[in-house]
Amino acid sequence: MMTVQSRPLPMRPRVRPGGLLPILAILGVLLVLVAVRQPDFFAPPSLMSFLGRSAPIILLAAGQYFVIVSGEFDLSIGSLVTAQAVIAARLIDGEPARTWPVVLLLLGCGALVGLVNGLITTRLRVPSFITTLGMFLILVGAVYYWSDGAPKGALSEEFRRFGRRAVEDVPLLGRIPYALLVLLALGALAVLVARSDFGRTLVAVGDNPRTAELSGVRVWRHRTIAFVLSGVAAAVAAILLGGYSGVSFQAGAGLEFAAITAVVLGGVALGGGRGSVAGAMLGALTLELLLALMNFYGVSGALRSTVQGAIILLAVALSASRSPSR
Amino acid sequence: MADPRPRPLLALRGIGKSFLGVRVLADVDLDLGPGEVHAVVGENGAGKSTLMKIVSGGYPPDEGSVVFNNERRAFRGPRDAQRAGIGIIHQEFNLLPERTVAENVYLGHEPLRRGLVDRREMLDRTSQLLASVGAAALPADARVGRLGVAQQQIVEIAKALALDARLLIMDEPTAALADHEVALLYGLVRRLQQRGIGLLYVSHRLTEVFDLADRITVLKDGRRVTTVPTADTTPDELVRHMVGRELSSYYPDRAAPDDLGPVRLTVRDGGNRKLHGVRLELRAGEVLGVGGLQGSGRSALARALFGVAPFSTGHVTLDGRPVRLRSPRAALRAGIAYVTEDRKGEGIVARQSVLDNALLASRSMGRAWSRRAARSVRIRNLLAAVDVRAAGYDQEIRFLSGGNQQKVVLARWLALNPRIVLFDEPTRGIDVGAKSAIHALVRRLARAGAAVLMISSDLPELLGMSDRILVMREGRIAGELPAGATEEDVVALAVGTARETVA
């Protein structure tokens, strides 16, 4: 029997899908839990250092946001971070004078890898999942080959300061890590880009590329730029991480999935078309806080990837059940 | 065929069907004997497809009975109907291009030997089937993807026959065929008839209907108008049955002669895969209607002009200067806008706000550092001017009614001050109130000096809105009609019974 269906009433949903409310709520709950268990976590020194440590993953999440909201994936960023750190160590080889040229080179490399990812995906119509997985493998192999199996050289102290130094003796806060300053500057920039015409149009591209194309949007160009942004974010993350934890073949391992988890947690729809860059960055912060909390409660760090997987599944299932049709 | 058929193969009585409270079929009767070809004709939206889906198990009827082989049936789905002996050949084929003909024909019921597919048996039986429909030349082991459209159609038919179909439904079987392939289909239909298979033949093309059918049933607005033996009717009479309703709605006044400006757009010999020798002129200030059946090239024309599927031959001029419209972006830059037929798939970005939807084209076509505040004010004024009803402009557009969504799309284009606007079915799926609002906006646009081209399947709308009407058929412009033409004139040109009246 057919029933007469009524149109959904044109009213505003109370919780906007893709809005910041859910992630702020989760973050709030976690903060309370941390406060209960480990009150001195909020003492300025430990809080500042936590934020500094979280900067790379937050920046990676911001980069990943642009790619995911446009309807694509970037799985290459973890190995890109590793490659960048290894390359930096070998090129600098302890020589302070080479710091800035290498920093610029890394940013250029990140942009180039993003450009290649983007062009292969959009011009050759290879699904980005495959493109960036291929790039991941290519980078892993290339780095091993180039360094004969073990990282060579060393980073200069100038290079490492971005990741490990801080502005000392700030009133009230104590020390502010450089990484946090970099995060604040680039985070603000990411928000501006997301709010620009480019950023708004990019979300439309992820929602419905056909409509976008017919409205004069060069869809391929927008998506390619998103990959470039993600590659540059990976370069910055590599500089911060290399400084903080040093150079190894594991420097960036698993970061792509951490970034995707963070983005999803922040309310960005996989498949594109919905979400904000602020949400993605808050998602990354929440994820880091969750892992810190697990640590405080004595949960094994080995469960890290399990937790990430569970978050992805849960978040996607939740958002799928909330919007019956797309 | 002998007319008194004591035991019809299929008997439909009082079939009715509604979707979402809209009645699409009411009280339809239809008989089909073994070996009979029974054509079902009617305008777009007359209910032909729904009726065929009911017969083939796609939908259950709300009212009435389906008697097949002297047995009352209530099919639970298409597979159920297939098992009973009813096959349907859709306009779009349902074949696996990477498999062979035989594998497609026996898909899902392959002959087995000791639990494994007996390939030789399958090939043999397929060859026999193909030979029995006069297609012995088609190799059973050819890959389907390499076959032409006509051959693929034969594979579809063989597939139905492999399931012992006694009744075959052919939905617009010639729509995708080239002229010389149509003759092949005629032969095939004759052979199926000789085997005692009943055929329900749905087509827009009256020539075929008169060539093939024993009887013809005309549907209009979901009701059966008449059923006549083909020998007792003429194409003109049939067209009268298919149309002929009152022009009751109110439409805005047409353009007065001095409202018309200079010729803005011309196309000469425009052609591509779907269009041939298109020639037209579009003047500033006029609404040029484009009529024709589905698939006659109307949308292809709009898509060519908007650069989605550009003309590969011919010349287009804009204000007397030649232009090349190679992409939507190029068309937009030339001042052409396109309101698509498929609003959800191509018109809106469903999960974005009203404002983001309205700004989409301005953002993509504007200068990078244009003044955003002024632009935002302007777009809000436009949204108010086209009277978009929403809880707020930050509401997601998918929560709006179809009519309001269409107004937002319109505002998106108005923001670019287009000089030419192409409308493809501007009021499809829009409720009556919003319809006349859209009509008023279309006319207002023309009055403001834009050149408007409006495609519509809704004949009253086409006749009520247009200053001139072009009717398309098979990718060509079949003729031009002045304002004041009748529905019969349009349909006659569209189905090809009238002589071309070239302007």
Side-chain angles (χ1 to χ4, degrees), chain A residues 1-19 69-71 192-222 225 267-276 319 322-326, chain B residues 17-22 59-60 62 303 306-308 327-333 337-338 340 342-353 355-357 359-370 372 375 389-392 394-396 398-402 404 409 412-413 416 431:
Chain A
M1 205 43 227
M2 286 309 278
T3 51
V4 178
Q5 284 182 7
S6 59
R7 249 171 215 296
L9 285 176
M11 53 178 258
R12 211 178 305 206
R14 264 162 308 173
V15 178
R16 224 169 212 298
V69 90
S70 80
L192 283 181
V193 170
R195 288 194 178 172
S196 69
D197 282 353
F198 165 77
R200 301 304 309 152
T201 311
L202 193 66
V203 186
V205 164
D207 192 345
N208 188 338
R210 269 311 279 162
T211 300
E213 187 88 52
L214 293 180
S215 299
V217 179
R218 278 165 291 188
V219 169
W220 69 272
R221 202 160 154 259
H222 274 67
I225 294 174
V268 181
L270 286 184
R274 166 170 293 158
S276 68
S319 66
R322 266 202 320 204
S323 56
S325 66
R326 52 153 305 171
Chain B
K17 182 80 190 167
S18 301
F19 289 115
L20 306 177
V22 180
Y59 303 136
D62 293 345
R303 289 181 169 260
F306 195 61
V308 184
S327 69
R329 220 178 146 76
L332 282 167
R333 224 179 274 120
Y338 176 35
T340 55
D342 177 5
R343 191 164 48 246
K344 193 159 174 248
E346 299 187 336
I348 62 170
V349 268
R351 290 176 295 169
Q352 311 307 313
S353 70
L355 205 55
D356 281 333
N357 268 278
L359 280 167
L360 189 54
S362 309
R363 279 176 170 151
S364 67
M365 302 305 295
R367 287 180 299 274
W369 309 108
S370 58
R372 294 174 62 172
R375 191 179 63 189
R389 311 270 171 87
D394 57 348
Q395 190 183 20
E396 286 182 30
R398 65 197 171 114
F399 294 115
L400 268 55
S401 68
N404 278 307
V409 172
R412 175 196 300 159
W413 297 130
L416 299 181
D431 55 288

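Nothing here was measured: the structure is a model prediction, and the numbers come from that model. Computation of the quantities below employed the complete heavy-atom set of this structure, encompassing side-chain atoms and omitting hydrogens, waters and symmetry-equivalent molecules. Letters go in sequence order (proteins before strands), and every chain restarts at 1.
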Task: Sidechain-backbone polar pair: B:N404 side chain, B:F399 backbone, donor-acceptor under 3.5 Å - done: no
Side chain, backbone, both or neither: which part of [X] has an atom under 4.5 Å from a heavy atom of chain A?
| X | value |
| --- | --- |
| B:I348 | backbone |
| B:T340 | side chain |
| B:R333 | neither |

Open item on the list: Looking only at heavy atoms and a cut-off of under 4.5 Å, which of A:T201, A:V217, A:T211, A:L214 has the most pairs with chain B?
Closed with: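 Among A:T201, A:V217, A:T211, A:L214, the one with the most close pairs to chain B is A:T211.
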Task: Which residues share a salt bridge (charged side-chain N to carboxylate O under 4.0 Å, His left out) with B:R343, sequence neighbours left out - done: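 For B:R343 there are no salt bridge (charged side-chain N to carboxylate O under 4.0 Å, His left out) partners, ignoring immediate neighbours.
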TODO: List in chain and number order the residues that pass side chain to side chain contact (heavy atoms under 4.5 Å, CB included) with A:R218, two or more places apart in sequence or in another chain; answer none if no residue qualifies.
DONE: A:W220, A:R221, B:R329
Task: CG-CZ distance between B:L360 and A:R200, expressed to the nearest 0.5 angstrom - done: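 Going from the CG atom of B:L360 to the CZ atom of A:R200 covers 11.0 Å.
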